[in-house]
Amino acid sequence: MTTAAVLSIALDDVQDPPLLPLPAEVAALLQRVDAPPRLVAHLRAVHDVARQLVDRVGRRCPALSFDREAVLFGAATHDIGKALHIAELSGPGSLHEAAGQELLLAHGVSAERARFAATHASWDSAGIGIEDLLVSLADKVWTNKRVTGLEDRVVAALARAGGRPGWEEFLELDEFLTRVGDRADERLAYQMRHPVHG
């Protein structure tokens, strides 16, 4: 894939559906690893959902301490290992997880940020923080996939930090995730417009 094509998918204005561009540092990284078009489109869609999620969490629960920029970086790079395991762009597989973390580390990304490539699918493991949960949640809800255990963990973190009953946090998060999920078909159509191979 050409450099211009990667940068175009990552950064150009998109209105159908409206998606924010990826961070310039991520676009450059995807260019360096020769990311396939569909992967770039997928990362852009998940990053946009993550931005909506961190904005909502920041407004509704300012007492929750989390690294917003780390979540956005994690969402923008979580599947980067699929640049090496291209079959996993159109089929199941988890080889991309460890490969993605190693690829990010090899390109000078800190271990603190590279971890999301490995943790986005293992949200129920020990030692997973709120940033990991938010990246995982964005990666699920972008297609309107709802995962009760994952959402329960996010609700519990919000309730602990904000001092509100869990049921209130659940209802508000559920309403927000439903709204985000309503545009899943548009995001999926956008991703599918881009080929697996450049």
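Here the structure is a predicted model, which is why all the values come from computation and not from measurement.
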*Asks:* Under 3.5 Å, is there a donor-acceptor pair between the side chain of E131 and the main chain of D67?
*Replies:* yes
*Asks:* Go through the steps to decide whether H42 and H78 satisfy the test side chain to side chain donor-acceptor pair (under 3.5 Å), and finish with yes or no.
*Replies:* CA-CA 10 Å; H42 168 69; H78 72 283; 3.2 Å; yes
*Asks:* Decide yes or no for R113 and T77: does some side-chain heavy atom of the first lie under 4.5 Å from some side-chain heavy atom of the second?
*Replies:* no
*Asks:* Please tell me whether L72 and L19 are part of a single hydrophobic cluster in this structure, the criterion being side-chain heavy atoms less than 4.5 Å apart.
*Replies:* no
*Asks:* Would you say R44 and I9 make side-chain contact, with heavy atoms under 4.5 Å?
*Replies:* no
*Asks:* List the atom of A159, the atom of P165, and the distance in Å for their closest heavy-atom pair.
*Replies:* CB-C, 4.5 Å
*Asks:* Could you state the interatomic distance from CG (L134) to CZ (F116), rounded to the nearest 0.5 Å?
*Replies:* 9.0 Å
*Asks:* Distance from L158 atom CG to I130 atom CD1, nearest 0.5 Å?
*Replies:* 6.0 Å
*Asks:* Please say yes or no: joined through hydrophobic side-chain contacts below 4.5 Å, possibly via intermediate residues, are V54 and L43 part of one cluster?
*Replies:* no
*Asks:* Could you grab the distance from atom OG of S136 to atom CZ of R153, nearest 0.5 Å is fine?
*Replies:* 10.0 Å
*Asks:* Between D55 (side chain) and Q52 (backbone), is there a donor-acceptor pair under 3.5 Å?
*Replies:* no
*Asks:* Take H120 and H96, measure what side-chain contact (heavy atoms from CB on, under 4.5 Å) needs, and give me the verdict at the end.
*Replies:* CA-CA 11 Å; H120 72 274; H96 72 277; 3.4 Å; yes
*Asks:* Would V14 end up clustered with L188 when hydrophobic side chains under 4.5 Å apart are linked, directly or stepwise?
*Replies:* no
*Asks:* Just how far is it from atom CZ of R32 to atom CG of L103, taken to the nearest 0.5 Å?
*Replies:* 9.5 Å
*Asks:* Could you tell me if the side chain of I80 sits less than 4.5 Å from the side chain of L104, heavy atoms only?
*Replies:* yes
*Asks:* In the structure I gave you, are the side-chain heavy atoms of L89 and P36 within less than 4.5 Å of one another anywhere?
*Replies:* yes
*Asks:* Does any part of the side chain of R56, heavy atoms only, come nearer than 4.5 Å to the side chain of V180, both counted from C-beta?
*Replies:* no
*Asks:* Does the pair R146 and K140 meet the rule for a side-chain contact (heavy atoms from CB on, under 4.5 Å), with working shown?
*Replies:* CA-CA 7 Å; R146 303 294 296 270; K140 299 297 184 197; over 6 Å; no
*Asks:* Could you state the interatomic distance from CG (L84) to CG (L95), rounded to the nearest 0.5 Å?
*Replies:* 10.5 Å
*Asks:* Would you sort out whether D182 and R179 count as a salt bridge (charged side-chain N to carboxylate O under 4.0 Å, His left out), showing the intermediate values?
*Replies:* CA-CA 5 Å; D182 286 345; R179 267 196 326 273; over 6 Å; no
*Asks:* Do T119 and V135 pass the side-chain contact (heavy atoms from CB on, under 4.5 Å) test, and can you show the C-alpha distance, the side-chain angles, and the key distance before you say yes or no?
*Replies:* CA-CA 9 Å; T119 64; V135 170; over 6 Å; no
*Asks:* Can you name the nearest heavy-atom pair linking G162 to C61, along with the distance?
*Replies:* N-SG, 3.8 Å
*Asks:* Verify the cluster assignment for L171 and V155: are they in a single hydrophobic cluster under the rule of side-chain heavy atoms below 4.5 Å apart?
*Replies:* yes
*Asks:* Does any part of the side chain of R187, heavy atoms only, come nearer than 4.5 Å to the side chain of T143, both counted from C-beta?
*Replies:* no
*Asks:* Could you state whether L22 and V46 fall into the same hydrophobic cluster, counting links through intermediate Ile, Leu, Val, Met, Phe, Trp or Tyr residues with side-chain heavy atoms under 4.5 angstrom apart?
*Replies:* no
*Asks:* Before giving the answer on side-chain contact (heavy atoms from CB on, under 4.5 Å), spell out for D48 and W142 the whole-Å C-alpha distance, their side-chain angles and the decisive distance to 0.1 Å.
*Replies:* CA-CA 9 Å; D48 189 78; W142 85 277; over 6 Å; no
*Asks:* List the atom of A63, the atom of A161, and the distance in Å for their closest heavy-atom pair.
*Replies:* CB-O, 3.3 Å
*Asks:* Compare all side-chain heavy atoms of E25 with those of L29 and state whether any distance is below 4.5 angstrom.
*Replies:* no
*Asks:* Work out which heavy atom in L137 is nearest to a heavy atom in E151; give both atom names and the distance.
*Replies:* CD1-CG, 3.9 Å
*Asks:* Between R183 and P17, which heavy-atom pair has the shortest distance, and what is it?
*Replies:* NH2-CB, 4.5 Å
*Asks:* Say you draw a straight line from CZ of R68 to CG of L53; how long is it, rounded to the nearest 0.5 Å?
*Replies:* 10.5 Å
*Asks:* Determine the minimum heavy-atom distance between A121 and E97, stating which atoms define it.
*Replies:* CB-OE2, 3.3 Å
*Asks:* Measuring only between side-chain heavy atoms, which start at C-beta, is R164 closer than 4.5 Å to E172?
*Replies:* yes
